[in-house]
J.: 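First the structure, then my questions, so here it is.
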Amino acid sequence: MDSGLTMQLPFIEPFDLVSTLESGQAHRWRKESHWYVGVIRGNLIKIKQGKFSVTFHSAPATEESIIPLISNYFRLEENLETIYMEINKDFHVASMIERYRGMRILCQEPWECMVAFICSANSNISRIGATMETLSEHFGKPITLDGITRYSFPNPYQLASATEAELRRLGLGFRAPYVAYATKAVAEGSLELETLRNFTYQEAKAKLMQISGIGPKIADCILIFSLDKLEAFPIDVWVRRALTEWYFEGRKVRDDILLQWAQQYFGPYAGYAQQYLFHGRRLQK
DNA sequence: GGTGCACCTGTTAC
DNA sequence: AGTAACAGGTGCA
């Protein structure tokens, strides 16, 4: 029953599965005994990290066939040590790197990532996950693995069958019209998310912010967590606290100024610095 | 061009 | 148990 495929650690060092999955990037991973269970692009995945290896099971795709997808999702080909050297500008970052060594930025499916972060506005981690699960159960397709059943995240056409009123009933609140509108834009082809990968950071961000419900913070989340823009630097309440307390002597500084400063200070991998500062500052509350 | 406030409603904090 | 404040922001006055 536990005869899954094993990946050896040397291949992916450093790697911290728990920090990666519990740092607020993805919202559908659930702990089931010693496994993390979630869905990646229509595949139900069980994954756990031992001392020397990472083990996973999958369905419907076989473990062997899904290695490239897993590798892409966790950015295993990325050299973290190089990135650490780039962003390690001071003892604040250094201590977070030391504490969460191996935490990786995920590469998620842009469409799902966009919906999740539109739903994140003025909400909380727990509720965002519940919302994503509700959408999946209502509009996705069931997938079963080792007796566990979860649902795929609905594609744009599946979710387009939901009316704004229905989304409100499912608990999206004031975000319902935003999700409905963004879904329509993707389903109709006026917003081509995958194309944004070829845009510059600024161009892609401007394009995303044309969508009602997507402001600078949510645009940056979509860009860093699904579109390979590692210079994106989402400024939420925790990052704002970390930056102003640690770098601006507690002064009140506008977000656009903070963003400009952070990208200049941390460089092309600023987004990685953001993730470590965010995670560290949020857990120390 | 910058600032302040309402927004749905589930969680969390007394 | 019951109530109030808050929550991974954004759009609009």
Side-chain angles (χ1 to χ4, degrees), chain A residues 19-30 96 100 103-106 108 110 112-138 162-185 191 205-227 229-230 232-246 251-262 270-285:
Chain A
S19 292
T20 300
L21 294 183
E22 293 195 354
S23 53
Q25 308 180 51
H27 302 85
R28 293 194 61 204
W29 290 97
R30 301 285 175 271
M96 296 307 165
Y100 307 115
M103 176 169 67
R104 285 168 180 267
I105 298 285
L106 294 171
Q108 305 179 56
E112 177 177 345
C113 190
M114 179 188 75
V115 175
F117 282 97
I118 290 176
C119 291
S120 77
N122 204 29
S123 187
N124 54 67
I125 302 260
S126 164
R127 183 181 177 186
I128 300 161
T131 301
M132 293 301 280
E133 213 53 31
T134 300
L135 291 179
S136 303
E137 286 166 6
H138 280 259
T163 62
E164 179 187 323
E166 197 167 4
L167 294 176
R168 263 183 196 272
R169 269 200 304 284
L170 292 176
L172 298 221
F174 66 82
R175 308 157 197 85
Y178 299 152
V179 170
Y181 173 77
T183 299
K184 202 175 163 196
L191 176 62
K205 186 168 182 176
K207 182 73 182 170
L208 284 173
M209 286 177 61
Q210 288 174 2
I211 301 291
S212 190
I214 300 182
K217 190 272 179 183
I218 291 176
D220 271 348
C221 285
I222 300 167
L223 290 171
I224 186 178
F225 297 134
S226 74
L227 290 169
K229 303 302 184 202
L230 297 184
F233 194 96
I235 298 180
D236 69 338
V237 56
W238 299 110
V239 173
R240 191 178 302 120
R241 254 168 232 169
L243 291 184
T244 54
E245 283 173 20
W246 296 340
R251 290 203 308 280
K252 197 171 172 176
V253 183
R254 286 214 323 264
D255 286 354
D256 55 338
I257 305 294
L258 288 177
L259 174 60
Q260 200 175 16
W261 175 84
Y272 254 97
Q274 180 276 346
Q275 188 61 23
Y276 280 78
L277 294 175
F278 166 81
H279 194 51
R281 188 60 183 80
R282 189 168 75 86
L283 293 187
Q284 84 165 46
K285 76 171 167 180

J.: So with a 6.0 Å cut-off around CD of Gln260(A), is the heavy-atom count from everything else above 12?
T.: no
J.: What is the distance from CG of Asp255(A) to P of dG2(B), rounded to the nearest Å?
T.: 13 Å
J.: Using a heavy-atom distance cut-off of less than 4.0 Å, which residues of residues 119-130 of chain A contact DNA chain B?
T.: Asn122(A), Asn124(A), Ser126(A), Arg127(A)
J.: Report yes or no: is there a donor-acceptor pair, N or O only, under 3.5 Å between the side chain of Arg175(A) and the base of dC7(B)?
T.: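 No such pair is found, so the answer is no.
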J.: Rounded to whole angstrom units, what separation is found between the CZ atom of Phe174(A) and the P atom of dA6(B)?
T.: 14 Å
J.: Check the angle between the aromatic planes of Tyr100(A) and His279(A) and answer parallel, tilted or perpendicular using the 30° and 60° thresholds.
T.: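 Geometry flag for His279(A) against Tyr100(A): perpendicular rings.
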J.: What is the distance from CD1 of Ile222(A) to P of dT10(C), rounded to the nearest Å?
T.: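 Roughly 9 Å, once rounded to whole Å.
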J.: Pick the P atom in dC5(B) and in dC6(C), then give their distance to the nearest Å.
T.: 14 Å
J.: Using a cut-off of 4.0 Å on non-hydrogen atoms, how would the nucleic acid contact of Thr131(A) be classed: base, sugar-phosphate, or nothing?
T.: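 It contacts nothing in the nucleic acid.
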J.: Which whole-number value in Å describes the distance from Leu172(A) CG to dA7(C) C1'?
T.: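 Going from CG in Leu172(A) over to C1' in dA7(C) covers 16 Å.
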J.: Using a heavy-atom cut-off of under 4.0 Å over every strand shown, decide if Leu167(A) touches base, sugar-phosphate, or nothing.
T.: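 If one applies the 4.0 Å heavy-atom cut-off, Leu167(A) turns out to touch nothing in the nucleic acid.
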J.: Without decimals, in angstroms, what is the distance between Arg241(A) CZ and dG9(C) C1'?
T.: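 Checked: the CZ to C1' distance equals 14 Å.
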J.: Assign His279(A) to base, sugar-phosphate, or nothing according to its heavy-atom contacts below 4.0 angstrom with the strands shown.
T.: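 Result for His279(A) = nothing.
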J.: Taking the side chain as every heavy atom from C-beta outward, state whether Leu191(A) and Met114(A) have any atom pair closer than 4.5 Å.
T.: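 Leu191(A) vs Met114(A): side chains touch.
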J.: Keeping the roles fixed (side chain from Gln108(A), backbone from Cys113(A)), state whether a donor-acceptor pair exists under 3.5 Å.
T.: no
J.: Which is true for Phe278(A) with a 4.0 Å heavy-atom rule: it touches a base, it touches only sugar-phosphate, or it touches nothing?
T.: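 Answer is base: heavy atoms of Phe278(A) come under 4.0 Å of a base.
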J.: Tell me, what's DNA chain B's dot-bracket, Watson-Crick or G-U with both distances under 3.5 Å, | for other-strand, [ ] crossing?
T.: ..|||||.||||||
J.: Which pair of heavy atoms, one from Ala116(A) and one from His27(A), lies closest together, and at what distance?
T.: CB-ND1, 3.9 Å
J.: How many Å lie between CD1 on Ile211(A) and C1' on dG9(C), as a whole number?
T.: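 In whole Å, dG9(C) C1' lies 16 Å from Ile211(A) CD1.
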J.: Can any side-chain N or O of Tyr181(A) pair as donor or acceptor with the backbone N or O of Ile211(A) at less than 3.5 Å?
T.: no
J.: So what does Pro216(A) hit on the nucleic acid, given a heavy-atom distance under 4.0 Å: a base, only sugar-phosphate, or nothing?
T.: sugar-phosphate
J.: Could you give the OH-to-P distance, from Tyr181(A) to dT10(C), as a whole number of Å?
T.: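 It works out to 16 Å between those atoms.
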J.: For Pro234(A), does its backbone N or O pair with a side-chain atom of Gln274(A) as donor and acceptor, under 3.5 Å?
T.: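 Yes.
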J.: Side chains of Glu112(A) and Met132(A): does their closest heavy-atom pair fall under 4.5 Å?
T.: yes
J.: Do the non-hydrogen side-chain atoms of Leu243(A) and Phe233(A) ever get within less than 4.5 Å of each other?
T.: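 They are in contact (side-chain heavy atoms under 4.5 Å apart), so the answer is yes.
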J.: Please report the distance separating the P of dA13(C) from the corresponding atom of dC8(B), rounded so that it comes out in whole Å.
T.: 14 Å
J.: When we call it a touch if two heavy atoms are under 4.0 Å apart, what does Gln274(A) touch: a base, just sugar-phosphate, or nothing?
T.: nothing
J.: Could you check how far CG of Asp256(A) sits from P of dT10(C), rounded to whole Å?
T.: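 Result: 13 Å.
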J.: Of the nucleotides dG9(C), dG2(B), dG11(C), which has the atom closest to the Arg254(A) side chain?
T.: dG2(B)
J.: Any non-hydrogen side-chain atom of Gln25(A) less than 4.5 Å from a side-chain atom of Phe278(A)?
T.: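 The answer is no; the side chains never approach within 4.5 Å.
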